[in-house]
S.K.: 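I am attaching a structure below and will ask some questions about it afterwards.
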Amino acid sequence: MKTCTICEEPIKPDEPHKRHTHDRCRQRPTTVPFIAAWSAENTLAAPTLVSRLTGGIGYVGEVPDDRDRGVLWQRSIDLRGRGRPVYGDVHPGRQRLAMRHELCQVCGEPADKDDRGVLWLLEDRRKDYRGWPNDLMTTHPPTCRACAVIARAQCPHLWAGTVAVRVGRSEVCGVVGRQYAVGPFGPRHVRDDTVLFEEPAIGWTIASQLVRALYDCRFVSLAELAAARP
């Protein structure tokens with residue numbers, strides 16, 4: 001018998017359900033995640049990209065805010081709450097803020113932390129490799145307890161299976177972004193990929209999301225998180 005990935009109760013043959021969840025457990029989104037983009041934020045024109053004499057790429061008219069730790073970032077404006085939410089898009093600035101300071105990706109407040117570590121809610125990928133999610137590199141910021149419960153019920157990406165993890169240690173290690181190379185008419189886009197800070201390709205990358213590596217991970221009960229919800 002299948003088990004609902006939201007309530008963790010069995011799905012009986014006569015109960016309305018879709019794949020991994022009861023129909024009654026899935027909720028329409030009522031909360032727009034802190035890191036989600038809004039339609040009014042998609043009006044910023046892309047700056048002109050050039051090769052730098054010192055190597056790598058830069059913007060014409062580049063300003064200090066275009067870089068973080070020397071890495072060139074996708075320009076963005078912060079108009080959170082303006083227009084309509086674009087759930088499939090991540091706002092580069094707010095994602096970077098949440099990952100840098102371990103803020104909840106849903107509400108933007110500090111993520112939950114206890115003596116076991118910071119709370120992360122992850123798609124269940126335990127079959128990927130032995131010891132998962134230790135050494136996992138992720139672009140998903142952590143969560144607080146209340147938002148973990150909300151996200152589990154409202155986020156379709158999590159309905160296939162979700163795990164809650166306490167991360168004892170993590171570190172910002174790189175970015176996800178667009179990589180470029182020298183071209184005949186200026187920089188040419190070659191791929192979108194994860195790039196570590198120590199890799200030479202970092203100078204040829206426009207970052208859109210910050211990456212953290214997770215260590216000293218231990219699974220925790222989602223049911224306990226829901227019961228302990230403030």
S.K.: Going by the side chain to side chain contact (heavy atoms under 4.5 Å, CB included) test, name the single residue among Arg96, Met99, Arg100 that passes it with Val172.
M.R.: Arg100
S.K.: Hey, does Arg116 have a side-chain heavy atom less than 4.5 Å from the side chain of Val220?
M.R.: yes
S.K.: Which atom names give the shortest non-hydrogen contact between Cys144 and Cys104, and what distance separates them?
M.R.: N-SG, 3.4 Å
S.K.: Heavy atoms, side chains only, cut-off 4.5 Å: are Trp38 and Val32 in contact?
M.R.: yes
S.K.: Strictly by side-chain hydrogen bond (donor to acceptor under 3.5 Å, both in side chains), give each pair with a member in residues 178-192 just once, sequence neighbours left out.
M.R.: Arg178-Tyr180, Arg178-His189, Gln179-Arg191, His189-Asp192
S.K.: Going by side-chain heavy atoms closer than 4.5 Å, which hydrophobic residues are tied to Val63, directly or by a chain of links?
M.R.: none
S.K.: Run the salt bridge (Lys or Arg N to Asp or Glu O under 4.0 Å) test against Arg69 and tell me which residues pass, sequence neighbours left out.
M.R.: none
S.K.: Test of understanding: with side-chain hydrogen bond (donor to acceptor under 3.5 Å, both in side chains), list the residues that count as partners of Asp115, not counting sequence neighbours.
M.R.: none
S.K.: Does the Thr138 side chain pair with the main chain of His140, one donor and one acceptor, at a distance under 3.5 Å?
M.R.: yes
S.K.: If you look at every heavy atom in Gln95 and Leu210, which pair is closest and at what distance?
M.R.: OE1-N, 2.7 Å
S.K.: Quick one: does Ser39's side chain have a donor or acceptor within less than 3.5 Å of a partner on Arg84's backbone?
M.R.: yes
S.K.: Using a 3.5 Å distance criterion without hydrogens, assess whether the side chain of Glu171 forms a donor-acceptor pair with backbone atoms of Ala213.
M.R.: no
S.K.: If you count every heavy atom of other residues, nucleotides or ligands that lies below 6.0 Å from Arg218 atom CZ, does the total exceed 12?
M.R.: no
S.K.: Arg82: what forms a salt bridge (Lys or Arg N to Asp or Glu O under 4.0 Å) with it, not counting sequence neighbours?
M.R.: none
S.K.: Could you work out, with salt bridge (Lys or Arg N to Asp or Glu O under 4.0 Å) as the rule, every residue matching Arg80, not counting sequence neighbours?
M.R.: none
S.K.: Could you list the donor-acceptor pairs under 3.5 angstrom formed between side-chain atoms of residues 46-61 and any protein atom two or more places apart in sequence or on another chain?
M.R.:
residue : atom : partner : partner atom : Å
Tyr59   : OH   : Trp73   : O            : 2.9

S.K.: Going by the rule salt bridge (Lys or Arg N to Asp or Glu O under 4.0 Å), which residues pair with Asp135 if we only count those two or more places apart in sequence or in a different chain?
M.R.: none
S.K.: Using every non-hydrogen atom in the two residues, find where Ala148 and Leu121 come nearest and quote the distance to one decimal.
M.R.: O-CD2, 3.5 Å
S.K.: Find out whether Pro142 and Leu119 are in side-chain contact, i.e. whether some heavy atom of one side chain is under 4.5 Å from a heavy atom of the other.
M.R.: no
S.K.: Could you tell me which non-hydrogen atom of Ile35 sits nearest to which non-hydrogen atom of Ala98, and how far apart they are?
M.R.: CG2-CB, 4.1 Å
S.K.: Going by the rule side-chain hydrogen bond (donor to acceptor under 3.5 Å, both in side chains), which residues pair with Asp66 if we only count those two or more places apart in sequence or in a different chain?
M.R.: Arg75
S.K.: Taking C-beta and beyond as the side chain, do Leu214 and Val165 meet within less than 4.5 Å on heavy atoms?
M.R.: no
S.K.: I want to check something: taking the side chain as every heavy atom from C-beta on, are Leu136 and Tyr129 in contact at a cut-off of under 4.5 Å?
M.R.: yes
S.K.: Using a 4.5 Å cut-off on heavy atoms from C-beta on, say whether the side chain of Phe34 contacts that of Val106.
M.R.: no
S.K.: Would you say that Val86 contacts Asn42 through its side chain, given a criterion of any heavy-atom pair below 4.5 Å between the two side chains?
M.R.: yes
S.K.: Taking the side chain as C-beta and beyond, is there a heavy-atom pair between Trp204 and Leu72 under 4.5 Å?
M.R.: no
S.K.: Give every residue pair that meets the salt bridge (Lys or Arg N to Asp or Glu O under 4.0 Å) criterion with at least one member in residues 193-213, sequence neighbours excluded.
M.R.: Glu102-Arg212
S.K.: Checking Ser208 side chain against Val176 main chain: does a donor-acceptor pair fall under 3.5 Å?
M.R.: yes
S.K.: Any carboxylate oxygen within less than 4.0 angstrom of a Lys/Arg side-chain nitrogen, looking at Arg166 and Asp112?
M.R.: yes
S.K.: Quick one: name the residues clustered hydrophobically with Tyr215, using the 4.5 Å side-chain heavy-atom rule over I, L, V, M, F, W, Y, and just say none if it's on its own.
M.R.: none
S.K.: Any ring pair (Phe, Tyr, Trp, His ring centres under 6.0 Å) pairs touching residues 83-128, not counting sequence neighbours?
M.R.: none
S.K.: For residues Pro133 and Leu122, report the shortest heavy-atom separation together with the two atoms involved.
M.R.: CB-CD1, 4.0 Å
S.K.: Using modelled atom types only, decide if a donor and an acceptor are shared between the side chain of Asn134 and the backbone of Cys217 within a distance under 3.5 Å.
M.R.: yes
